[in-house]
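The structure under discussion appears below in the form of structure tokens.
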Amino acid sequence: MIKKTEKIWMDGKFVDWDNANVHVMTHTLHYGLGVFEGIRCYETKEDPAIFRLKDHVERLFKSAHIFLLAIPYSEKEIEEAIIKTVKINKVKECYIRPLVYIGYGAMGLYPKDNPVEVAISVWPWGAYLGDDGLKNGIRVKVSSFIRNHVNSQMSRAKACGYYINSQLAKKEAISLGYDEALLLDTDGYVAEGSGENIFIVRDGRLKTTPLTSVLEGITRESIMKIARDEKIEVIEERFTRDELYIADEAFFTGTAAEVTPIREVDGRIIGEGKAGKVTKKLQSVFFDSVKGKNKKYGSWLTYVK
Ligand code: PPE
């Protein structure tokens, strides 16, 4: 169960968590066209810090742009609303979920005059794939469900409806006893997890899927930056599932999943079957950065005073 906080921002007003409702005829609830973000706020020695706020809000607006949704606020207004929502809920650490949805009005697939509404919720959310997963790695299953074609799922957007594909994959993986699903693209190459980007390490080199078929992950980009600063070579290149099977290390990245090592794929042990050396190094710089302990990446943090 979600750990509730006090207030949710709904179109400019703070509403009590228990009263943050929409009408059942809300358009997005029926047809799935909405866009959202997932952002984390971390406890630091100083005030709580939101990780890459501006980049997340920018992506939210780009997602809306792709889907021709006119958000009735500016990026700055949404950034400020997010900061206020974290502050009013007095949380030190939380996950932040801005959601843009089409409200009540007409039904049918062309809701020309329905309002575009925005809600911002925050709640404490621990390790997405478990504390043990974060430390020792998770078991992954290549899904029988294919990531939607790039002209069906325009992957630069983070849209609500896309996640029925992810949920099919996740349910299948869990039902077979795995922790997470890995989806292949329509050409059969590795795409991404149900809610994560993927990296592999081979001979000390880092490889990740190019952005053609996957979400432009902000954690992915942060890890690439950290790796290059650590003089680890990073390439964006399509790879096959068997290249993953024989990788020395593999890990997932995402706001929710952070940096989660992969220790097994389809019954094949990856590397030594635990968090690898490169993965651990990147994890450690990443967590130091988000927690304000690495000043080099200080510009990634927005402190909530
Ligand atoms: N791919 C997908 C499909 C995805 O959903 C996410 C985030 C990523 C990659 C990583 O992107 P980024 O967070 O910018 O590094 N998935 C979000 C939703 C998870 C959920 O269960 O809800 C997240 O991690 O917030």
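Since this is a predicted model, take the numbers as computed values, not measurements. Nothing fancy with the numbering, it's 1 onward along the sequence. As the structure lists them, so they are numbered: ligands from 1, and atoms in each ligand from 1. Excluded from the calculations below are hydrogen atoms, water molecules and symmetry mates; all remaining heavy atoms, backbone and side chain alike, are included.
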Salt bridge check: are Asp229 and Lys225 linked by an N-O gap of less than 4.0 Å? yes
Checklist entry - For Ala49, does its backbone N or O pair with a side-chain atom of Thr44 as donor and acceptor, under 3.5 Å? => result no
Q: Would you check whether Ser194 reaches within less than 4.0 Å of ligand 1, judged by its heavy atoms?
A: yes
Note: ligand 1 atoms sitting under 4.0 Å from heavy atoms of Gly38 are 25 (O)
task = Could you tell me whether Lys158 and Glu37 make a salt bridge, using a distance below 4.0 angstrom between a side-chain N and a carboxylate O?
result = no
Ranked by distance from atom 19 (C) of ligand 1, the top protein heavy atom is Tyr128 OH, 3.6 Å
inquiry  = Could you check whether Thr208 and Glu236, counting side-chain N and O atoms only, form a donor-acceptor pair closer than 3.5 Å?
reply    = no
Any heavy atom of Arg97 under 4.0 Å from ligand 1? The part involved is side chain
Are the aromatic rings of Phe61 and His65 close, with centres under 6.0 Å apart? no
**Prompt:** Does the pair Glu216/Lys62 count as a salt bridge with the N-to-O cut at 4.0 Å?
**Reply:** no
Looking only at protein heavy atoms, what sits closest to atom 24 (O) of ligand 1 is Ala256 N, 2.8 Å
When distances are taken from atom 15 (O) of ligand 1, the protein heavy atom at minimum range is Thr219 OG1, 2.5 Å
So, regarding Ile218 and ligand 1 (criterion: nitrogen or oxygen to nitrogen or oxygen, under 3.5 Å), is there a contact or not? yes
Taking only non-hydrogen atoms of Gly217 and a 4.0 Å limit, the atoms of ligand 1 in range are 11 (O), 12 (P), 14 (O), 15 (O)
Under 4.0 Å from one or more heavy atoms of Gly254, ligand 1 contributes atoms 10 (C), 13 (O), 15 (O)
the protein heavy atom lying closest to atom 25 (O) of ligand 1 turns out to be Tyr95 OH, 2.4 Å
Q.
Looking only at the aromatic ring of each residue, does the gap between the centers of Trp125 and Tyr42 stay below 6.0 angstrom?
A. no
Honestly, for Arg147 the part within reach of ligand 1 (heavy atoms, under 4.0 Å) is side chain
- prompt: Any non-hydrogen atom of Arg59 lying under 4.0 Å from ligand 1?
  reply: yes
closest protein heavy atom to atom 17 (C) of ligand 1 is Lys158 NZ, 3.1 Å
- Decide, yes or no, whether a salt bridge links Arg52 with Glu221 under the criterion of side-chain N to carboxylate O below 4.0 Å. yes
Nearest non-hydrogen protein atom to atom 2 (C) of ligand 1, with distance, is Glu192 OE1, 3.5 Å
Exercise. Return yes when Val214 approaches ligand 1 closer than 4.0 angstrom through a heavy atom, no otherwise.
Key: no
Among Gly195, Ser166, Ser155, closest by heavy atom to atom 8 (C) of ligand 1 is Gly195
- prompt: Does a side chain donor of either Tyr104 or Asn114 reach within less than 3.5 Å of an acceptor in the other side chain?
  reply: no
Looking only at protein heavy atoms, what sits closest to atom 13 (O) of ligand 1 is Thr255 OG1, 2.5 Å
Inset, instruction - Measure from the ring center of Phe51 to the ring center of Phe286 and say whether it is less than 6.0 Å. - result: yes
Is the shortest side-chain N to carboxylate O distance from Glu58 to Arg156 below 4.0 Å?
no
Looking only at protein heavy atoms, what sits closest to atom 5 (O) of ligand 1 is Tyr163 OH, 2.4 Å
